[in-house]
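To start, the structure itself, in structure tokens.
Lettering follows sequence order; numbering is per chain, from 1. Just so it is clear, the values below take in all heavy atoms, side chains as well, and ignore hydrogens, waters and symmetry mates. Since the model is a prediction, treat every value here as computed from it, not as a measurement.
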Number of protein chains: 2
Amino acid sequence: MKASLKSISKELNISPGTISRVLNGKAKEYRISEATVKRVKAYAQKVGYTPNLVAKSLQASKSFTIGLILPDISNPFFSTMAKHIEQQASAMHYSILLMDSDEQLEKETKALQQLYSRKVDGIILCPVGFEGSHYKEQFKDMGIPVVFVDRYLKGIDVPFVSSNNYKGAYDAVEFLIQKGHKIIGLIQGDQKLLTVNEREKGFKKALQDYNISFNTKLLLGNGFNEENGYVSIMQLLKEKNKPTAILCMSNQICLGVLKAAKELQLNLPQDLSIISFDENPYAEYITPSLTTIKQHNDKMGAKAFNLIYDLIQGQKSEDPSFLIDTEIIERRSIFALL
Amino acid sequence: MKASLKSISKELNISPGTISRVLNGKAKEYRISEATVKRVKAYAQKVGYTPNLVAKSLQASKSFTIGLILPDISNPFFSTMAKHIEQQASAMHYSILLMDSDEQLEKETKALQQLYSRKVDGIILCPVGFEGSHYKEQFKDMGIPVVFVDRYLKGIDVPFVSSNNYKGAYDAVEFLIQKGHKIIGLIQGDQKLLTVNEREKGFKKALQDYNISFNTKLLLGNGFNEENGYVSIMQLLKEKNKPTAILCMSNQICLGVLKAAKELQLNLPQDLSIISFDENPYAEYITPSLTTIKQHNDKMGAKAFNLIYDLIQGQKSEDPSFLIDTEIIERRSIFALL
DNA sequence: CTGAAAGCGCTTACAG
DNA sequence: CTGAAAGCGCTTACAG
């Protein structure tokens, strides 16, 4: 059945070592005779020999596997990243061990332990937690390189790839302002997240640069989910000085806003202009078609793999972290007040 | 650093075998003294011993890993399945090696080889190919149980989980007919796919049951992608007897139809009623909101894992394949002609 | 040019 | 109650 070096060895009367050398293309290096090389290759071919990677991994202390932990693989935002990570990985003969933390720290911790136990060569993690110290603790004596993707943390020195969230929000607000909006609401994701903080900063800075005074009440919400979008916009619309435009920090938040708008029978975009983080294939067909801030998570994924790959090879770049610019996809959900 | 049975053995002056037995909860079975048990456990705890799973896998010829090959992990349809597969798997202490075949047979073949090489305990595959014989060939002497998910094939005896595509299409057409539609178009996915054939059968059967004659020209298309949706609907609308309603075989096809409708400035749903396979979170906010045929891919994923799990345990159920009913989510994209 | 041996970190049948 | 040994399938330093 499944051939091993041993079984081939027996059949051919050649030592496993020699066979291993031939099959690993080290025939020259070891000056193995043409004759044996031919015999070995022919026979291996014939029986369809495939090396046992777990044996190889054990002896090499290297598994050619990288672990990927994502908060929600069913979310296209993450699955797109996963796809591009996998693509890069398989091109470099790496395989991906995928784990879904489901936004739960507990599951993430278990996943991390699994990956450690399985001796992955590196880990790409979109962290669910908020404290650098928490991860510092976990990564200590794990001896496996880690890279953060999308989300990252203060207080821990781990390379990361993320969108340029600051600039993304800044650009969005500037865009709104140029359309004549002055009262702009912001519905945030989890405020403990650095990415959220960055967006908030970008939001405020844009207002400031255009001399628009900032109203704390227009900035609320605390979660990347539909529920938060719904509740927040309902709240916002009750303000005496209610916003003419709203910036949503995620596609899910936007869904909540759309839900509320529908319920309230708002006339979009006249009653409310919307711009939202995260592009999606339906944006064009929603009424009004949605202006979005596209994150290039294909690039983020690919870059994340490159980072971890370099780390595995022992190449530590001096500035190992990357911010990838977002892009505004203009459609018709922003009403021009000018 | 990283503790091993050996290092603990040295430190404690207890043989690796005994330590292994203690740490694997076989102390009673081997009647190991309370004293040693305590010492071992305490020390293992202290140094944070974690078993090396690759060593364990090698010796047990069992990796507690299952391979998952999907045609496009970035598609929410598949990533939702992936999430639920992973969820089930991790609950049973299995890990998932994820591969994206990108709808390419060549990549799929490589992925399969990788998984074989990595000695996964089982494989969940959504096949990209069309011929049972092709897979029969590949699975031969692989010695690893395989289960198909979503797509399956004739001419090969592999358990599968899929939607009840026949019934899904039948129900959709019946639904349309009950709204008064008699001229109904169907835009198909890849016609080599059994799932597509099943839907076609369901489509035809419904027409037949309601005594509506079937017009070959209203049935076209050959791919689960936007382009096909676009081209096909354009074609359909040129018919003298053009359809009043259209059934799309996938979310992507539907996107193509929406694109065409927008270009043609059709007045939906009066000018054209639409029902489409695959639910999506934006369906509610498209104009008109989209009536969809929801596939329960959460259940499909979970079931697929259960199937492979049973197979791994050596339990072969007599009828190992499952069809999961779809569900119509009614919205406003179907115009009532009655 | 090629083989025998050791070792990667585990587990388990065999002794005692 | 516990240890020594063999073996899972590989690779590579050491000999010759």
Categorize B:Ile14 for me: base, sugar-phosphate, or nothing, with a 4.0 angstrom heavy-atom threshold over every strand shown.
sugar-phosphate
Under 4.0 Å between any heavy atoms, over every strand shown, what does A:Thr36 touch: base, sugar-phosphate, or nothing? Just pick one.
sugar-phosphate
Expressed as a whole number of angstroms, how long is the span from [X]:[atom1] to [N]:[atom2]?
X: B:Lys119; N: D:dC8; atom1: NZ; atom2: P; answer: 14 Å
X: B:Asn52; N: D:dC8; atom1: CG; atom2: C1'; answer: 13 Å
X: B:Leu58; N: D:dC10; atom1: CG; atom2: P; answer: 9 Å
X: A:Glu29; N: D:dC14; atom1: CD; atom2: P; answer: 14 Å
X: A:Tyr30; N: D:dG16; atom1: OH; atom2: C1'; answer: 15 Å
X: A:Ile19; N: D:dC10; atom1: CD1; atom2: P; answer: 10 Å
X: B:Leu23; N: C:dT12; atom1: CG; atom2: P; answer: 13 Å
X: A:Lys62; N: D:dG9; atom1: NZ; atom2: C1'; answer: 19 Å

Earlier contact from the 5' end, DNA chain D, for B:Gly17 and B:Glu34:
B:Glu34
Here's a test of your reading of the structure: between B:Pro16 and B:Ala60, which maps to the more 5' nucleotide of DNA chain D?
B:Pro16
Can you figure out which of [options] approaches the side chain of [X] most closely?
X: A:Ala55; options: C:dG3, D:dG9, D:dG3; answer: D:dG9
X: B:Thr18; options: D:dT12, D:dT2, C:dC10; answer: D:dT2
X: B:Ser33; options: D:dC1, D:dC8, C:dT11; answer: D:dC1
X: B:Arg31; options: D:dC10, D:dC1, C:dG9; answer: D:dC1
X: B:Arg21; options: D:dG3, C:dG9, D:dT11; answer: D:dG3
X: A:Ile32; options: C:dT2, C:dT11, D:dG9; answer: C:dT2
X: B:Asn24; options: C:dG7, C:dT11, C:dT2; answer: C:dT11
X: B:Leu5; options: C:dG3, D:dG9, C:dT11; answer: C:dT11

Give the minimum heavy-atom separation between A:Ile85 and A:Gly301, together with the two atoms involved.
CG1-O, 3.3 Å
Stepwise side chain to side chain contact (heavy atoms under 4.5 Å, CB included) check, A:Asp190 with A:Phe130
CA-CA 10 Å; A:Asp190 198 311; A:Phe130 308 115; 3.5 Å; yes
[N], OP1 or OP2 - any side-chain N/O from [X] closer than 4.0 Å?
X: A:Lys56; N: C:dC8; value: no
X: B:Ser15; N: D:dA4; value: no
X: B:Ser20; N: C:dT11; value: yes
X: A:Tyr49; N: D:dG9; value: no
X: A:Lys26; N: D:dT12; value: yes

Below 4.0 angstrom, N of the basic side chain to O of the carboxylate: do [X] and [Y] qualify?
X: A:Asp157; Y: A:Lys136; result: no
X: B:Asp100; Y: B:Lys107; result: no
X: A:Arg151; Y: A:Glu103; result: yes

When both distances are under 3.5 Å in a Watson-Crick or G-U wobble arrangement, the nucleotide paired with C:dA13 is none
Please give the nucleotide sitting opposite C:dA4 as a Watson-Crick or G-U wobble pair, both distances under 3.5 Å, or none.
none
Looking at the rings of A:Phe160 and A:Tyr152, which for Trp means the six-membered one, are their centres under 6.0 Å apart?
yes
For A:Ser7, does its backbone N or O pair with a side-chain atom of A:Ser4 as donor and acceptor, under 3.5 Å?
yes
